[in-house]
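The structure is given below, and queries will be raised subsequently.
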Amino acid sequence: MTLARPTALGAWIFAGGFTVGVSRVFDVVAHLEETKYGVATVRRNFPNLPVYVGKDSWPVEALRDGPRIDFLYGNPPCAAWSPAGSKIVGTRDWRTDARVDCTREHFRLLETLRPRAWAWESVQQAFTVGRELVDELTRRAIDLGYSVSYVLHNAKHLGVPQSRPRFFFVATDCAFDARIDDWTVESVASALRRVNDP
């Protein structure tokens, strides 16, 4: 007997990089996107993956009433917390930045769908500068019965050939152990040697 793979649902995945990794372990059932940004790329790389563009088209009720989603993941816009992003919009206070509503909506999906695990990926400043929001979402997740873990890392330690500090907020209804044993750093030159000349 072959066991079915666990299921995952992505929200605010854009071009689909997060799904590349998630799909190695999970059957990704769909992407929920607010705009078409990155959708053409996802459809080229995952031609059979349903992508719902515009919140009015999201099948949230069907997802809630169907089989339980094991993993809900997303990387809503993070520029509200980054120095460059705040300069573009002309505000220095993330609390007045409309892009933060995407993160709040991503959390509302957790409240509605109640997956076994939920992950929000962002820049590390979301954890430091936006700590007020992190603390609020932590309290709400705990009230729902989830355990919460924060993972701060640099993607260069996971094989990305650039320094890319990231923050993951992970809420789970089961034990979570994020030990990473291999901290190999790859250089840009090494990564480019693997790229075929088009």
Contact check, side chains of Pro115 and Tyr146, non-hydrogen atoms, under 4.5 Å: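 Answer yes - side chains close enough.
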
Note, Leu32 side chain near Leu109 side chain (heavy atom, < 4.5 Å):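 Side chain of Leu32 against side chain of Leu109, heavy atoms only: contact under 4.5 Å found.
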
Step-by-step salt bridge (charged side-chain N to carboxylate O under 4.0 Å, His left out) determination, Arg139 to Asp143: CA-CA 6 Å; Arg139 283 189 298 275; Asp143 287 347; over 6 Å; no

Salt bridge present between Arg108 and Glu105 (N-O < 4.0 angstrom):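 So Arg108 pairs with Glu105 through a salt bridge.
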
Derivation of the side-chain contact (heavy atoms from CB on, under 4.5 Å) call for Asp173 and Arg114: CA-CA 9 Å; Asp173 71 355; Arg114 301 300 299 270; over 6 Å; no

Parallel, tilted or perpendicular, as decided by the 30° and 60° cut-offs, for the rings of Tyr73 and His31: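 If you compare the ring of His31 with that of Tyr73, the planes turn out perpendicular.
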
Working for side-chain contact (heavy atoms from CB on, under 4.5 Å), residues Glu33 and Phe14: CA-CA 7 Å; Glu33 299 293 346; Phe14 306 106; 4.1 Å; yes

Plane angle bin for Trp118 and Trp120 - parallel if under 30°, tilted between 30 and 60°, otherwise perpendicular: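 Tilted, since the angle between the ring planes falls between 30° and 60°.
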
Under the side chain to side chain donor-acceptor pair (under 3.5 Å) test, residues paired with Trp12 that sit two or more places apart: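 Result, side chain to side chain donor-acceptor pair (under 3.5 Å) vs Trp12: Glu34.
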
Audit row: Val148, Val170, side-chain contact (heavy atoms from CB on, under 4.5 Å) steps and yes/no: CA-CA 6 Å; Val148 173; Val170 181; over 6 Å; no

Atom OH of Tyr150 with >12 non-hydrogen neighbours under 6.0 angstrom: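 Yes, the 6.0 Å shell around OH holds more than 12 heavy atoms from other groups.
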
CZ/Arg95: more than 12 non-hydrogen atoms of other groups inside 6.0 Å: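 Enclosed.
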
Steps toward side-chain contact (heavy atoms from CB on, under 4.5 Å) verdict (Val151, Arg166): CA-CA 8 Å; Val151 180; Arg166 308 310 287 169; over 6 Å; no

Whether Phe18 and Phe168 hold their rings parallel, tilted or perpendicular, with breakpoints at 30° and 60°: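 Ring orientation of Phe18 relative to Phe168: perpendicular.
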
Approximate separation, where rounding is to 0.5 Å, of His157 NE2 and Arg164 CZ: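 Between His157 NE2 and Arg164 CZ, I get 14.5 Å after rounding to 0.5 Å.
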
N/O donor-acceptor pairs under 3.5 Å from side chains in residues 38-56, not counting sequence neighbours:
residue : atom : partner : partner atom : Å
Arg43   : NH2  : Val51   : O            : 3.2
Asn45   : ND2  : Thr41   : O            : 3.2

